[in-house]
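Have a look at the structure below before the remarks.
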Amino acid sequence: MKRSAQLCVRPGRRLAASGALLTLTLLLFRPLPLVAQVDLTGFWVLRIPTGDGNYRETFLDLKQSGENVTGKILPGFREFPITEGTFSAGKLHLVVASRFGGQERRVTYEGSVADGKISMTVNFPGREPLTGVAERTRPEAALPPPRLPLPSLHDVPDNGLARTPPMGWNSWNKFAGKVDDAVVRGVADAMVDTGMKAAGYIYINIDDTWQGQRDSQGNITANRKFPDMRALAEYVHSKGLKIGIYSSPGPKTCAGYEGSYGHEDQDAKTFADWGFDYLKYDWCSAGRIYKDEDTQAVYQKMGDALLKAGRPIVYGLCQYGREDVWNWGTKVGGNLWRTTGDISDHWKSMEEIGFRQFAIAAYARPGHWNDPDMLEVGNGGMSNDEYRTHMALWSLLAAPLLAGNDLRAMSDETKAILMNREVIAIDQDPDAKPVKKILEQGSTVIAARPLSDNSMAVAIFNRGEAAATIAVRWADLGLQGSPAVRDLWAHKDLGTIADQFSAGVPPHGVVLIKVNH
Ligand code: GLA
């Protein structure tokens, strides 16, 4: 309770002057109750130890009014308004609900306030909670560095890589901040031992959280999870595989680690020198420095830097599909570009992303691919029918196939989905002709993609909650006569079939056939 509230005197009541003075004196010098509600208004920095000797910083700009808390959260890469906030009995509860590349995202911050500090737990959807302590700081501490000039636009020459959609593995979906040298080596071993390499998966990509500090010359170093990047790259190469790395055009990555801002040429050289073959370049904190319309020039800068570095490096753009990246991704030297926010290991996330991609399918060309984000197959949050839908959809879309699971521990079903050669062949078809949505009716979607051997891949998707028998008429696909049909999940020739093909499709499942006419 505030002192001023206790000083109010009921109107109309007369007090003797000496009595009033005594009351006033007693009230003014009365000790505050021990559990007095603190006012959290102001700037705070939340430091979350990353377990590798560093911590990530998130700034909180709080405004408290009674038990209500408003303001914004600056997790190093963007500003998010607090959408729900309360502070009561020493407990702070904040929610940031936002849309990230078209996807809903709800992050909660739960804090206990004591001794002028806030002990906090941050809950990201589908991730392990992070904990840290927030202390008061000056608002200037949250300001990004000044904006550096950008080059004028030109076309970066094609690097000649990724003639078919890149295939490999990426650490983020399964390991997030828990990726380290041992995981990467183990996954590289498993890539070979499980037959994934033989099926076409080549890139072993380290995502965010590998970075340490810059040395006195400004060279980026790896943190203690990665004691020797060059040796690690050599190890991965010794298995006949390629290795990828991750950075951001901003000063900080999305997980709050060191980005390439102002060090683009230097970092491209370092990555080449360590022996890396692939870079995922993630917008993150660049949004606090540049405007949206600067995006092309920002990505061009790294496209040029990679070419100058003199090693063939696949260039993956990650800015969640903003600014219609499919119109200019090729011009900045991009081999692939993310078209959406982050996928998570749930049916709703995967189907929302996957079925939204048909409209831009025609922008994918050899060397330059739409990337609807990495695979979740085998991570456990979806049924095998749902994972088959995921794999079939990504393959029809000619999406990069970057497995996001733990390759060291795969079930037979997961292996059968990820290594279905007939499905992979659709993804990798050299003609890269775009998939077309043939029909959408209720929860049924029928899609078809012409292949280089003059056959056609046809998928019958059931997005509904109940099994359904669904027919596709050859006439709707522009086919005549009785083409030969092969079921690509059952690996079975179904013979020649006249007029139409009809199949029972499980809920959230797909029947995928190849039609030869
Ligand atoms: C962003 C990207 C993800 C992943 C994380 C790492 O969210 O979209 O794919 O790279 O950053 O912090």
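Atom CG of Asp292 is surrounded by more than 12 heavy atoms from other residues, nucleotides or ligands within 6.0 Å. Heavy atoms from other residues, nucleotides or ligands lying under 6.0 Å from NZ of Lys331 number 12 at most. Atom NZ of Lys415 has more than 12 neighbouring heavy atoms from other residues, nucleotides or ligands inside a 6.0 Å radius. Enclosure of atom CD in Glu293 by more than 12 non-hydrogen atoms of other residues, nucleotides or ligands within 6.0 angstrom is indicated.
Looking at Arg408 and Asp189, no side-chain N of the basic residue comes within less than 4.0 Å of a carboxylate O on the acidic one, giving no salt bridge. Ionic pairing of Lys348 and Glu352 is present here: one or more N-O contacts between side-chain nitrogen and carboxylate oxygen are shorter than 4.0 angstrom. The pair Asp208-Lys252 does not count as a salt bridge, with every side-chain nitrogen at least 4.0 angstrom from each carboxylate oxygen. A salt bridge is absent between Arg127 and Asp342; no separation between the charged side-chain nitrogens and carboxylate oxygens falls under 4.0 Å. Using a cut-off of 4.0 Å between Lys/Arg side-chain N and Asp/Glu carboxylate O, Asp385 and Arg388 are scored as salt-bridged. Between Arg185 and Asp181 there is a salt bridge, since a side-chain N of the basic residue sits under 4.0 Å from a carboxylate O of the acidic one. The pair Arg311-Asp277 meets the salt-bridge criterion, since a charged nitrogen lies less than 4.0 angstrom from a carboxylate oxygen. Using a 4.0 Å cut-off between charged side-chain N and carboxylate O, Arg473 and Asp499 make no salt bridge.
Interatomic distance, CE of Met374 versus SG of Cys318, reported as 7.5 Å (0.5 Å rounding). Put simply, OG on Ser248 and CD on Gln319 are 11.5 Å apart, with the number rounded to the nearest 0.5 Å. Atom CZ of Phe271 sits about 10.5 Å away from atom CD of Gln266, to the nearest 0.5 Å. Expressed to the nearest 0.5 Å, how far CE of Met350 lies from CG of Asp345 amounts to 9.5 Å. To the nearest 0.5 Å, the span separating OG1 on Thr221 from CE on Met229 amounts to 9.5 Å. For the atom pair Thr164 OG1 and Trp369 CH2, the distance stands at 6.5 Å (nearest 0.5 Å).
For the side-chain hydrogen bond (donor to acceptor under 3.5 Å, both in side chains) test with Tyr320, the passing option among Asp282, Thr340, Thr339, Asp373 is Asp282; the others fail.
In plain terms, the two heavy atoms of Leu407 and Ala190 that are nearest each other are O-CB, 3.4 Å. Heavy atoms only, all atoms of each residue included: Trp169 and Asn405 are closest at NE1-O, 2.7 Å. Closest heavy-atom contact between Ala233 and Ile243: CB-CG2, 3.8 Å. Nearest approach of Arg463 to His508, heavy atoms of both residues: O-CD2, 3.5 Å. Residue Ala255 comes nearest to Trp172 through the heavy atom pair CB-CH2, 4.4 Å, listed as atom of the first residue, atom of the second, then distance. Heavy atoms only, all atoms of each residue included: Ala199 and Met419 are closest at CB-CG, 4.0 Å.
Side-chain contact annotation: Asn335 with Asn159, donor-acceptor N/O pair under 3.5 Å present.
Applying the side chain to side chain donor-acceptor pair (under 3.5 Å) criterion to Thr414, with sequence neighbours excluded, gives Ser411. For Ser502, the side chain to side chain donor-acceptor pair (under 3.5 Å) criterion is met by no residue, not counting sequence neighbours. Applying the side chain to side chain donor-acceptor pair (under 3.5 Å) criterion to Asp324, with sequence neighbours excluded, gives no partner residue.
At least one side-chain heavy atom of Gln300 sits less than 4.5 Å from a side-chain heavy atom of His154. For the pair Tyr299/Val325, no side-chain contact is recorded, criterion being any heavy-atom separation below 4.5 Å from C-beta on. Within the 4.5 Å cutoff, side-chain heavy atoms of Asn370 are placed close to those of Trp337. With a 4.5 Å cut-off on side-chain heavy atoms, Ile220 and Gln211 count as touching. Residues His390 and Ile343 have side chains in contact (heavy-atom distance under 4.5 Å, counting atoms from C-beta outward). No side-chain heavy atom of His517 sits under 4.5 Å from any side-chain heavy atom of Gln480. Counting only heavy atoms from C-beta outward, the side chains of Met410 and Leu418 approach each other to under 4.5 Å. Side-chain contact check for Val184 versus Ser171: every heavy-atom pair is 4.5 Å or farther apart.
The main-chain N or O of Gly380 is found under 3.5 Å from a side-chain atom of Tyr387 such that the two form a donor-acceptor pair. With Gln500 contributing its side chain and Trp474 its backbone, the two residues share no donor-acceptor pair below 3.5 Å.
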Could you walk me through whether Lys174 and Asp207 pass salt bridge (Lys or Arg N to Asp or Glu O under 4.0 Å), step by step? CA-CA 11 Å; Lys174 174 71 188 177; Asp207 207 278; over 6 Å; no
